[in-house]
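Here is the naming used below: chain letters follow the sequence lines, and residue numbers restart at 1 for every chain. The analysis underlying the following values was restricted to heavy atoms, covering all of them including side chains, and did not include hydrogens, waters or symmetry mates.
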2 protein chains.
Amino acid sequence: MGTTQLETVPEPKYWHLKTVLSEALDRDFEVGEVLPNERELAARFGVARATLRQALEQLELEGRLQRRRGVGTTVAPPRVGVAVASAQHGWPRESVDGWELVGASDAVPPAAVLKLLGSAEGEAVHTVRRTRITQGQAVAAELLYVPAACVPGLSPLDAPSGPARARAVLRELQKLALDGQDRSVELGSARADDAKELDRLPGAPVLLVTTRYFTAAGTAAVSVATYRADTCRLTFGDSGDVQITDAPTVSVAS
Amino acid sequence: MGTTQLETVPEPKYWHLKTVLSEALDRDFEVGEVLPNERELAARFGVARATLRQALEQLELEGRLQRRRGVGTTVAPPRVGVAVASAQHGWPRESVDGWELVGASDAVPPAAVLKLLGSAEGEAVHTVRRTRITQGQAVAAELLYVPAACVPGLSPLDAPSGPARARAVLRELQKLALDGQDRSVELGSARADDAKELDRLPGAPVLLVTTRYFTAAGTAAVSVATYRADTCRLTFGDSGDVQITDAPTVSVAS
DNA sequence: CAGTGGTCTAGACCACGTG
DNA sequence: ACGTGGTCTAGACCACTGT
């Protein structure tokens with residue numbers, strides 16, 4: 001059988017393209033450099049623009065590229081490691097590491113959150129909004145849900161919304177004894193409001209980090225943090241002492 | 001100005017479609033039910049198939065749908081919570097919970113892994129392949145990298161590959177004192193081999209869980225586990241005692 | 001084999017950022 | 001105003017799964 005021609009996989013074009021581009025990125029491009037525009041690239045590789053875009057999408061998903069409408073496609077820096085589980089448990093605190101209070105409202109939590117809280121629909125739930133800034137970039141938007149019943153000390157209409165109210169809710173939480181917490185991570189797509197906060201388009205891939213805070217009385221709070229999946233690597237420091245530090249610097253020789 | 005017509009956002013069609021479909025899924029469909037095919041759905045909503053597909057892609061990303069070529073699009077069950085960080089640290093063990101040894105090889109690890117290991121290129125590194133099965137479904141494919149220097153007790157060519165060799169590597173690891181470990185989670189796309197193992201197409205979105213194992217001598221092993229992002233929710237049990245249990249059962253009548 | 005989702009094309013227009 | 005990426009169309013063909 002002279003089938004020297006291995007006629008195995010008709011590898012999709014966009015997949016092959018992705019590989020080629022990925023190698024080119026390693027070889028010929030620096031972080032931050034802008035690529036030729038999509039029409040030009042498509043022509044250069046002899047494919048339709050849609051096909052080229054499919055390859056770019058993958059590379060963006062993997063954190064290799066960054067695309068911005070009206071600007072262009074640039075080579076992304078390595079993902080930043082953001083610590084998600086600190087060594088100690090603890091309530092979310094005001095003014096800690098990179099978190100910034102945005103405001104508060106009494107918007108209705110989604111059904112999934114109500115289930116985690118064990119609350120019925122219609123029960124009052126405080127909602128605190130925070131943003132996490134790392135290296136000048138918003139990397140996460142969080143919604144913290146606290147059933148009103150869990151923080152009875154809070155006067156209902158002192159400051160109905162805004163940072164002042166948010167601060168008050170967090171202050172009340174600190175008074176409770178935290179029994180434990182658990183976390184889960186899953187893939188999602190950014191809701192419109194989160195997307196705006198993260199400077200992404202709606203639907204952008206995000207990592208959803210859901211944290212439950214337990215007291216003796218049950219689940220006292222649930223937080224849903226939306227992390228940019230393209231730029232973030234979530235780190236969990238299980239080890240006793242080792243600190244996670246990212247690649248020191250990419251250090252391009254001037 | 002009589003602009004009663006709020007001409008704010010020209011919301012993308014696929015985004016609106018996604019919302020409509022999502023509501024329809026909640027209302028009119030059971031888990032496992034198959035949807036009309038894409039051409040039919042596109043016609044029904046008066047959009048091109050590509051646009052319809054964009055909406056379906058999003059819903060699949062969010063774990064609401066499952067699409068299989070040659071079969072159709074079905075309503076996905078809720079994501080399964082898979083425990084990633086057990087309460088105690090420990091080396092990967094043979095025959096534990098849902099993990100299954102696949103084999104071993106001495107393939108060269110990717111550059112990123114070498115960097116984590118602190119190894120130079122060309123150093124011998126053992127590679128153990130495992131698969132994680134949950135509820136009859138492969139949810140993760142793992143590659144465990146162990147520098148040969150870390151397990152000197154291993155005779156080089158007893159069983160050069162296959163499960164026997166993999167078992168031997170794990171057995172050697174148990175002998176070392178584990179000092180600590182850390183973990184990171186990021187979004188990626190499935191490599192061709194992982195995709196096959198997970199019964200997905202290459203490029204499918206996955207959650208990459210990278211674990212470093214430390215001994216006094218430094219990083220003794222690195223594992224890169226590829227979890228199906230569409231079906232998995234990674235859980236981290238930080239809490240002292242609470243166990244994460246998912247929605248009891250979806251229980252479709254008979 | 002028929003029917004499904006997956007890939008690909010060659011166009012068009014729109015929304016956004018920058019000069 | 002211009003150039004960028006984002007959306008959308010109406011087709012075509014391919015690869016896979018079932019019967």
Just to be sure I understand the rule, does B/Leu56 reach a base, reach only the sugar-phosphate, or reach nothing, if contact means heavy atoms closer than 4.0 Å?
nothing
If I take atom [atom1] in residue [X] and atom [atom2] in nucleotide [N], what distance separates them, rounded to the nearest angstrom?
X	N	atom1	atom2	result
A/Lys196	C/dC16	NZ	P	11 Å
B/Tyr14	C/dC14	OH	P	18 Å
A/Leu201	C/dA15	CG	C1'	10 Å
B/Leu65	C/dG5	CG	P	11 Å
B/Leu59	C/dG5	CG	P	14 Å

Are any of the side-chain heavy atoms of B/Leu21 and B/Leu52 separated by less than 4.5 Å?
yes
Please determine whether a side-chain nitrogen of the Lys or Arg among A/Glu142 and A/Arg132 lies less than 4.0 Å from a carboxylate oxygen of the Asp or Glu.
no
Out of curiosity, B/Glu23 CD to B/Asp26 CG, how far, rounded to the nearest 0.5 Å?
7.5 Å
Please figure out whether A/Trp15 or B/Leu35 has its closest DNA chain C nucleotide nearer the 5' end.
B/Leu35
Need to verify one output field. Residue with the more 5' nearest nucleotide on DNA chain C, A/Val71 or A/Lys13?
A/Lys13
Side chain to side chain donor-acceptor pair (under 3.5 Å) for B/Ser189 and A/Glu62? Distances and angles first, verdict last.
CA-CA 7 Å; B/Ser189 48; A/Glu62 292 173 28; 2.3 Å; yes
Parallel, tilted or perpendicular, as decided by the 30° and 60° cut-offs, for the rings of A/Tyr227 and A/Trp99:
perpendicular
Checking salt bridge (charged side-chain N to carboxylate O under 4.0 Å, His left out) against B/Glu60, which of B/Arg68, B/Arg53, B/Arg200 comes through?
B/Arg200
Residue met sooner reading DNA chain D from 5', once B/Arg68 and B/Pro12 are mapped to nucleotides:
B/Pro12
B/Gln54 or B/Arg39: which one's nearest nucleotide on DNA chain D is closer to the 5' end?
B/Gln54
Walking along DNA chain D from 5' to 3', note the first and the last nucleotide with an atom under 4.0 Å from a heavy atom of chain A, and give both.
D/dG3 to D/dA15
